[in-house]
Amino acid sequence: MFNSDDVPIATPPATSVALTDSALEQPAETRTARLLFAAGHIDDGGRREALQWLLGPLGWWQWIERALLFLGLLLMRAGVVCFVAWNWADMPPLLKLGLIEVAILGACGFALWKGLDTLLGKAGQTAAAALVGAFLAVYGQVYQTGADAYELFVGWAVLILPWVILARFDALWALWIGLVNVAIGLAWKQSGAPHDMQTLGMAISLGVFNGVAAQLRELGHQRGYVWLKNNWLRWLLVPATLVPLLAPVLMFIFDGFDRWDFALGSVVFAVASALMYRFHRYQTRDLFALTVIVGCVCVLVNSILGEVLFDSGFPDELGVFVVGSSVIGCVGMAAVWLRRVGLEFRRDRVHSGAAQLFAPEETSERTTREMLQHLVSTGHLTTDHLPTIEKSLEADAADRAPWFIQALVAFGAWVSCIFFLICAGIMEIYDSSVSTMMLGTMLCVGSIVIQRVSQQPFLRHLSLALAFTGYGALLIGVAQIGRAGTGLWVIALASTVFSLVLYPLFPSSVCRFMLAAAPQIWIVAAFLDSRVPDGVHGLVLAQTLGIGAIFAWRPLRILWPLGYALVLGLFGVLIIPLLPHVNVVAWPSSMVQVVAEIWLSVWLLSSGHHRNWRLTIAIAVAAALLGVMSVPGVLAALGVIVLGHLERDGALRALGIAFLPLYLIAFYYSLDTSLLFKSGTLIASGAILWTSRFFIRRQVLLLESPANAVA
């Protein structure tokens with residue numbers, strides 16, 4: 001198997017530079033290269049030199065190879081499902097079962113041919129495991145066994161368990177755990193027990209099973225199993241354990257404190273939370289797991305407070321205000337504590353060498369000091385910039401929080417915002433548009449002042465809730481002014497103007513993200529409500545251009561939140577043509593995405609990592625074919641995944657991977673196209689990705705490592 005780690009990286013001797021400790025002694029991250037480029041300390045060549053020094057000359061290809069392989073497999077499998085569904089009535093039972101059996105045997109044979117431990121072998125095993133479920137579903141339909149739905153998933157999980165064990169592949173284990181979760185949920189739903197007992201039993205069963213799976217994963221990781229070295233399986237199992245167990249506690253709070261069964265569920269949650277806290281606080285030292293635990297505790301505290309206040313006859317407006325303030329307090333204190341723990345983990349990681357997640361971007365065992373010294377020695381950086389760089393990195397480290405802590409803070413701010421807006425409605429502030437807009441203006445101004453004047457974390461969290469509430473009050477005031485029939489366009493225009501004015505004033509990236517996302521939502525709603533719904537294609541064009549400008553041309557750092565908001569907005573708009581009863585054609589957006597993919601390939605291969613026009617043309621042709629054969633959302637998701645990897649941006653990659661299955665599901669259930677067309681489209685799209693992988697792989701091997709140029 002081709003691996004970039006096999007290629008030695010020549011590291012020049014360190015240049016003697018007088019730098020102090022602290023942030024410069026932390027593990028080097030790709031984010032640092034982006035910050036240096038955004039601040040103008042290095043040019044594009046220096047940024048790419050830093051990325052290559054961190055990740056190796058072939059690091060950009062290895063991840064893309066895996067993405068092409070498994071995304072192609074996903075598309076082709078979805079196409080086979082569509083084909084079977086299309087020709088279902090005309091196919092004899094033997095042919096229905098025989099085709100799937102042949103596919104299973106072919107996937108197993110392919111895995112054995114390529115080797116069970118190779119990437120292609122693991123892809124074959126994954127395909128075979130997925131096809132077993134299709135076989136059982138077809139068998140149940142042909143012979144009408146009368147079995148409950150959960151039995152299908154139980155049989156599926158039991159049948160594939162042997163080769164799941166043999167495969168030693170974390171993604172296949174995740175599939176198996178997901179099957180068992182579905183089986184447990186359906187079993188309790190079809191058990192015939194009372195509804196509250198179904199909920200309680202399902203929650204405890206799911207929590208216990210996922211908790212055991214999480215502990216087994218940690219045990220295997222501690223014993224040195226290489227295939228369990230990646231932490232993403234932990235980050236799936238921790239919330240999958242605690243979130244179901246949270247349901248009995250909420251039932252205990254809201255449905256009565258006299259239910260012994262709910263009390264038992266609450267005890268299970270408390271024990272599980274305490275054990276997981278101790279384990280992830282002092283052994284794995286995983287900040288994401290601690291964030292999930294603390295988030296669940298915040299939900300419980302505010303649920304108890306709300307139940308006590310509203311059941312004790314507390315005035316409604318005062319109770320709503322107190323709960324909203326409590327959410328700010330709990331989330332604010334949780335965020336402060338998590339940031340402190342995160343900084344402790346970062347300090348300890350330097351000396352212990354433990355690979356802990358602090359941000360969704362690649363890190364290295366090398367330090368930031370060594371990266372700066374390398375840039376100095378290669379002529380991409382001068383020693384005159386080093387004092388300024390050190391101060392900026394120190395400030396960034398002090399003010400920085402991982403994405404999941406920012407998400408927790410943003411969620412808490414939105415919940416508080418809802419409570420505050422409800423409180424204002426109860427107090428009849430919305431009776432006058434003037435008073436509503438005055439309230440919104442004062443809250444926004446106060447939030448800006450707090451964020452710019454105070455560095456106290458709790459006050460800055462409070463300012464987020466004030467900003468969201470003020471922005472919402474401004475839009476409510478505008479909605480009261482807008483006339484009937486033009487209200488959405490008035491709100492969309494006002495939202496755009498407010499965002500343009502407030503975006504540079506707010507220093508918070510969370511506020512900037514929400515300010516950039518809000519106008520897109522209102523513009524889409526206005527287009528769909530008007531007589532020209534196809535106008536959303538103009539918005540798609542603007543979003544695509546903005547994403548390319550921000551993440552490929554990389555302007556000021558202040559625009560990064562806008563870039564992420566544009567990505568989410570683009571994904572949301574591109575799902576509209578697949579929705580039922582929406583009269584929007586898809587081909588204009590497809591053409592926009594084709595041009596974007598071609599530009600991305602040209603930018604990558606002609607001015608980026610390699611100069612090879614054969615590769616450029618191949619990727620451009622593949623992008624054009626995908627644009628013609630597939631829906632625009634699939635192409636956009638693939639482009640964002642590739643762009644995220646090229647820029648070493650984990651958030652972009654995660655967004656693309658998350659939305660791709662959503663587009664496939666929406667495409668399958670769309671009513672405007674036949675199953676035969678869907679089948680051909682998906683199979684052809686998967687074949688294009690696999691063919692592209694084969695050709696690009698050969699070219700990369702020839703370019704970077706001629707001695708290994710064997711496909």
Side-chain angles (χ1 to χ4, degrees), residues 243 246-247 249-255 291 294-336 405-433 435-451 456-480 491 495 498 502 506 508 510-511 513-515 517-518 521-522:
V243 172
L246 187 61
V249 188
L250 296 178
M251 296 171 68
F252 182 61
I253 295 172
F254 293 114
D255 291 348
T291 303
V294 171
C296 291
V297 173
C298 290
V299 171
L300 291 182
V301 170
N302 289 281
S303 298
I304 294 174
L305 177 62
E307 179 69 11
V308 171
L309 288 179
F310 294 119
D311 276 359
S312 61
F314 216 62
D316 290 343
E317 61 275 13
L318 189 57
V320 171
F321 179 81
V322 170
V323 174
S325 302
S326 174
V327 171
I328 297 176
C330 287
V331 174
M333 289 187 293
V336 171
I405 295 181
Q406 296 185 36
L408 176 65
V409 171
F411 178 75
W414 268 115
V415 173
S416 301
C417 166
I418 294 173
F419 277 103
F420 291 156
L421 290 176
I422 294 175
C423 179
I426 297 175
M427 297 174 64
E428 300 182 350
I429 295 178
Y430 301 146
D431 290 347
S432 169
S433 60
S435 61
T436 303
M437 296 191 71
M438 287 181 60
L439 173 65
T441 302
M442 290 188 295
L443 291 177
C444 287
V445 171
S447 176
I448 293 171
V449 171
I450 292 175
Q451 291 186 24
Q456 209 282 331
F458 180 78
L459 291 179
R460 302 195 74 173
H461 299 325
L462 171 63
S463 71
L464 293 181
L466 297 179
F468 294 166
T469 306
Y471 191 83
L474 287 174
L475 294 183
I476 292 174
V478 171
Q480 293 173 330
I491 296 176
S495 178
F498 292 152
L502 296 175
F506 280 104
S508 168
V510 176
C511 284
F513 174 83
M514 301 309 302
L515 289 171
I521 297 174
W522 288 109

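In this chain, numbering begins with 1 at the start of the sequence shown.
In terms of heavy-atom proximity, Val327 sits nearest to Gly412 at CG1-O, 3.4 Å. Minimum interatomic distance between Ile253 and Ser303 (heavy atoms only, all atoms of both residues): CG2-O, 4.0 Å.
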The test is side chain to side chain contact (heavy atoms under 4.5 Å, CB included); show your working for Phe420 and Ser325 and say whether it passes.
CA-CA 9 Å; Phe420 291 156; Ser325 302; 3.9 Å; yes
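Considering only heavy atoms from C-beta on, Cys417 comes within 4.5 Å of Leu421 through its side chain. Inter-residue side-chain proximity for Gln406 and Phe513 is flagged as unmet; no heavy-atom pair is nearer than 4.5 Å.
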Tell me which donor-acceptor pairs under 3.5 Å the side chains of residues 467-479 have, and how far apart each pair is, sequence neighbours excluded?
unit_1 : atom_1 : unit_2 : atom_2 : d
Thr469 : OG1    : Ala465 : O      : 2.7
Tyr471 : OH     : Ser495 : O      : 3.1
Tyr471 : OH     : Ser495 : OG     : 2.7
Tyr471 : OH     : Ser499 : OG     : 3.0

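Side-chain rings of Phe419 and Phe321 stay apart, their centers remaining 6.0 Å or farther from each other.
Not one N or O on the side chain of Ser326 forms a donor-acceptor pair closer than 3.5 Å with the backbone of Val322. Between the side chain of Gln451 and the backbone N or O of Ser508 there is at least one donor-acceptor pair closer than 3.5 Å.
Applying the 6.0 Å contact sphere to CZ of Phe411 captures no more than 12 heavy atoms from other residues, nucleotides or ligands.
Screening Leu462, Leu466, Leu464 for a side-chain contact (heavy atoms from CB on, under 4.5 Å) with Ile328, the sole residue that qualifies is Leu462. With His461 as reference, Val409 is the one residue of Leu408, Val409, Val331 to meet the side-chain contact (heavy atoms from CB on, under 4.5 Å) rule.
The CG atom of Leu300 sits 12.5 Å away from atom CG of Leu305, with the distance rounded to the nearest 0.5 Å.
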